[in-house]
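A short write-up of the structure that comes next.
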There are 2 protein chains.
Amino acid sequence: MLSAVSSLVEVARAAGVSVSTASRVLTGSSHPISAKTRAKVIATAEKLGYSPSALARALVSRSSRLIGVLVSDIVNPYFSVIARGIDDVASRAGYVTMLSNVDRRTSTEISRLRTMRDYRAAGVIIAGSGFEADPLAPDLAVAVGQAKEQGIQAVSLTSRDLGCPVITADNEGAAHDVTDHLLSLGHRRIAFIEGPPGMTTSKQRRDGFLACMNAANLSDVARCLPGGFDFEAGHLAAMRLIARPPLPDAILAANDEAAVGALNALRQAGIDVPGEISVAGINDLRLARFVGLTTVSLPLYEMGAMAAQHVIDALPGDATTTLLSHRVIPRETTARRPPG
Amino acid sequence: MLSAVSSLVEVARAAGVSVSTASRVLTGSSHPISAKTRAKVIATAEKLGYSPSALARALVSRSSRLIGVLVSDIVNPYFSVIARGIDDVASRAGYVTMLSNVDRRTSTEISRLRTMRDYRAAGVIIAGSGFEADPLAPDLAVAVGQAKEQGIQAVSLTSRDLGCPVITADNEGAAHDVTDHLLSLGHRRIAFIEGPPGMTTSKQRRDGFLACMNAANLSDVARCLPGGFDFEAGHLAAMRLIARPPLPDAILAANDEAAVGALNALRQAGIDVPGEISVAGINDLRLARFVGLTTVSLPLYEMGAMAAQHVIDALPGDATTTLLSHRVIPRETTARRPPG
DNA sequence: AACGGCTAGGCAAACGTATGCCTTAACCGA
DNA sequence: TCGGTTAAGGCATACGTTTGCCTAGCCGTT
């Protein structure tokens with residue numbers, strides 16, 4: 001209470017024991033300590049408001065309880081749900097997360113990864129957006145390699161080839177299944193609003209869509225439009241569809257936000273959803289529930305949780321890929337195709 | 001590249017200099033070093049993939065570049081925007097943020113604060129939800145006091161009495177101004193859907209609403225309904241209003257999410273917004289733009305940025321309160337009151 | 001009586017870095 | 001020639017822990 005900062009040394013002195021004894025009491029070591037001494041040390045530590053230096057601990061034990069988390073943008077609900085999953089299992093295990101926003105910039109990703117390394121993080125979870133085609137991508141892989149060499153666990157949440165285990169959603173399957181849902185409602189001419197070009201996730205979702213359409217022998221009426229992962233992109237893409245009739249039977253957007261943007265454009269144009277056209281998205285963010293959007297729920301929280309658990313358990317598994325399952329959530333923006 | 005982990009000692013040896021010289025080169029100390037030696041050290045460090053231990057640095061310099069951030073729930077956009085503001089200025093200054101979700105539980109808040117202290121954070125930014133009436137609130141203040149004694153900067157983002165500087169939005173003013181906006185559109189009978197009971201923010205927003213109504217001599221037609229900060233709460237509150245006609249002229253919700261919930265209930269009941277009734281919220285989350293909700297924009301990002309800057313600059317200012325300004329954003333859910 | 005094992009506790013080294021202080025050499029002006 | 005300043009670099013200590021190894025006493029066994 002009096003001293004500005006109290007170290008183990010001070011606690012030991014005040015309790016009349018050696019530093020090692022104090023340490024052993026406070027860490028709950030298996031080394032035998034008399035009940036009396038133990039109580040004395042604990043009481044003294046309490047009284048002095050002792051706070052063990054996690055820094056010193058990490059230094060000597062050569063392992064911190066820090067987990068680095070790299071996301072594109074924490075404001076994006078996609079990433080915040082992942083981050084939440086990570087933090088929940090991390091803090092339950094006594095770990096703390098270092099969060100960093102990298103804004104889809106691989107160079108930033110590399111630099112932040114280096115920072116996490118400097119802090120001797122137990123592990124790093126990379127949930128950046130994953131631009132496969134980025135010329136810096138190999139450098140990132142190198143940085144990941146260096147981290148691993150230093151004993152830092154790395155886990156990727158997008159399936160880029162980073163030389164570390166990947167835990168991710170089955171994006172392709174998700175897109176496939178929601179497409180299938182639209183087909184089961186009788187829709188045939190389906191337009192797909194793509195995600196940002198170059199991103200792994202974008203590609204996987206488009207592949208899923210096309211695979212499903214192909215399997216149904218509908219590849220000739222499948223249509224892909226350039227889009228993006230945000231509201232405006234969806235809005236714009238839908239406007240373009242509206243401008244060149246006839247409208248498709250249904251629109252699938254690579255993303256809930258884009259789907260809502262499309263929804264908005266359609267309704268502004270006086271087009272009834274789902275009366276005249278169905279709309280669906282992917283992700284099942286809270287937003288989707290608000291507007292009643294049909295979508296597919298991705299295991300984002302679980303991805304984060306699992307990745308954190310992987311780091312904490314110091315699991316190996318170098319090139320393993322874990323695919324978590326999804327679920328189509330039908331809501332009010334999709335309906336059976338109207339006759340005619 | 002070869003050694004699993006390389007320390008300054010190894011770099012020094014490999015470069016044929018002493019540890020202190022290596023240190024001075026790598027930290028850019030003002031101590032004079034010959035250009036040749038400097039180059040040699042830098043090259044060696046590069047070749048060995050040297051990563052300076054931030055832990056050891058922090059230990060010896062007695063100050064880390066870690067900033068603790070306590071939020072209720074990072075998935076809530078309110079907090080993620082704040083967190084983004086923090087991280088942007090933090091990482092630009094070479095700091096890294098430790099994020100922790102405390103779920104409105106003061107006990108968790110205290111425990112996480114302790115963890116941040118153990119890591120000798122340079123500062124802690126407390127953006128928990130702020131339950132004033134919580135019996136543990138004094139304990140939190142004590143924990144903050146201990147942290148400060150240890151040289152840890154503390155900043156609160158809600159105006160609880162924590163004995164540390166407060167940087168916050170003018171919640172009362174925001175509610176006042178958006179109420180005023182509704183009045184200026186001719187509305188008189190306004191219903192306010194409150195936030196969760198016991199929270200500072202809830203109370204301030206209600207106060208702002210009531211103050212504005214009082215000033216307009218309309219306290220007799222001002223009506224407050226219990227609500228909450230989420231979609232369901234707004235939905236429920238609106239349902240109750242619908243069940244007992246007549247409808248008010250307008251509804252102000254303490255929150256965008258609740259406002260959207262109310263909007264949803266009204267439209268489900270076939271009530272035209274803004275034709276028959278106006279609806280407004282507070283916060284101006286992305287969601288508000290999507291649904292065209294009239295709201296008031298709060299400086300959440302700036303709050304975070306400013307708090308981080310405060311920590312980094314190690315500013316004093318014990319009991320100071322900084323109020324950041326807001327702006328009413330009229331959109332499509334409010335309109336002039338229909339005649340009759 | 002000698003010895004093994006257990007309990008309780010202390011000593012000191014190590015983790016990786018920063019920095020105050022010292023030494024040496026070179027250089028400059030008087 | 002000499003004192004003084006400056007450049008360049010090394011030595012050693014400190015930061016706050018953990019932990020392997022050692023000591024001392026005590027008890028029980030043979």
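Letters A, B, ... mirror the listed sequences (proteins, then strands); counts begin at 1.
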| Which residues satisfy the side-chain hydrogen bond (donor to acceptor under 3.5 Å, both in side chains) test with B/Thr108, sequence neighbours excluded? | B/Arg105
| message | Measuring from the side chain of B/Ser34 (C-beta onward, heavy atoms only), which nucleotide among D/dT17, D/dA14, D/dA8 has the closest atom? | response | D/dA8
| said: Quick check on DNA chain C: between B/His31 and B/Ser51, whose nearest nucleotide comes earlier from the 5' end? | reply: B/Ser51
| field | Atom-to-atom span, CZ of A/Arg65 to P of D/dT17 - whole angstrom | value | 16 Å
| field | Residues which pass side-chain contact (heavy atoms from CB on, under 4.5 Å) with B/Ala90, listed by chain and number, not counting sequence neighbours | value | B/Ile67, B/Tyr95, B/Thr97
| task | If a pair satisfies side-chain hydrogen bond (donor to acceptor under 3.5 Å, both in side chains) and one of its residues is in residues 77-89 of chain A, list it, with sequence neighbours excluded. | result | A/Arg84-A/Asp88, A/Arg84-B/Asp73, A/Arg84-B/Asp103, A/Asp88-A/Tyr301
| note | Closest heavy-atom pair, B/Ala154 versus B/Cys164, reported as atoms and distance to 0.1 Å, is O-CB, 3.5 Å
| field | With B/Ser91 via side-chain hydrogen bond (donor to acceptor under 3.5 Å, both in side chains) - residues at least two apart | value | A/Arg112
| Of the nucleotides D/dT18, D/dG9, C/dC15, which one has an atom closest to the side chain of A/Thr27? | D/dT18
| Rounding to a whole Å, what distance do you find between B/Lys40:NZ and D/dG9:P? | 13 Å
| Qualifying residues under side-chain contact (heavy atoms from CB on, under 4.5 Å), relative to B/Ala15, sequence neighbours excluded | B/Val17, B/Lys40, B/Val41, B/Thr44
| said: Please enumerate all residues that pass side-chain hydrogen bond (donor to acceptor under 3.5 Å, both in side chains) together with A/Lys148, with sequence neighbours excluded. | reply: A/Asp318
| query | Could you state the CG-C1' distance from A/Leu59 to C/dG16, rounded to the nearest angstrom? | reply | 5 Å
| Axis-to-axis angle across the helix from C/dA1-D/dT30 to C/dA30-D/dT1, five pairs an end, to 10 degrees? | 60°
| said: Using modelled atom types and a 3.5 Å cut-off, is there a donor and acceptor pairing between side-chain atoms of A/Ser23 and backbone atoms of A/Val19? | reply: no
| Which nucleotide in the list C/dG10, D/dT18, C/dT17 gets nearest to the side chain of A/Ser18? | C/dG10
| request: Just jot down the side-chain contact (heavy atoms from CB on, under 4.5 Å) partners of B/Thr320, sequence neighbours excluded, or say none. | output: B/Pro165
| field | Side chain A/Asp134, main chain A/Leu136, donor-acceptor under 3.5 Å | value | yes
| task | Could you check how far CZ of B/Arg120 sits from C1' of C/dT17, rounded to whole Å? | result | 17 Å
| A/Arg38 CZ to C/dT7 P, straight-line distance once rounded to whole Å | 13 Å
| task | Could I get the full list of side-chain contact (heavy atoms from CB on, under 4.5 Å) partners for B/Ser51, not counting sequence neighbours? | result | A/Arg117, A/Asp118, A/Arg120, A/Gln150
| Taking only side-chain nitrogens and oxygens of B/Arg57, does any of them come within less than 4.0 Å of OP1 or OP2 of C/dA18? | yes
N/O to N/O distances under 3.5 Å, protein versus nucleotides 26-28 of chain D:
none

| query | Once you round it to whole Å, what is the distance between P of D/dT17 and CG of B/Leu55? | reply | 14 Å
| said: Within the 4.0 Å heavy-atom criterion, would you say B/Thr37 contacts the bases, only the backbone, or no part of the nucleic acid? | reply: sugar-phosphate
| said: If I take atom CD in residue B/Glu10 and atom P in nucleotide C/dG16, what distance separates them, rounded to the nearest angstrom? | reply: 8 Å
| Does the side chain of B/Ser29 come under 3.5 Å of the side chain of B/Thr27 through a donor N or O and an acceptor N or O? | no
| field | Protein proximity profile, nucleotides 23-28 of chain C - base contact B, sugar-phosphate-only contact S, no contact -, cut-off 4.0 Å on heavy atoms | value | ------
| query | Quick one: which of D/dT18, C/dT17, D/dG10 gets closest to the side chain of A/Leu8? | reply | D/dT18
| According to a strict under-4.0 Å criterion, is A/Tyr119 in side-chain N/O contact with OP1 or OP2 of C/dG16? | no
| More than 12 heavy atoms of other residues, nucleotides or ligands under 6.0 Å from CG of B/Asp161: is that the case? | no
| note | For B/Gly68 and B/Ala121 the tightest heavy-atom approach is N-CB, 4.2 Å
| field | Contact list for DNA chain D against residues 19-26 of chain A - heavy-atom distance below 4.0 Å | value | A/Val19, A/Ser20, A/Ser23, A/Arg24
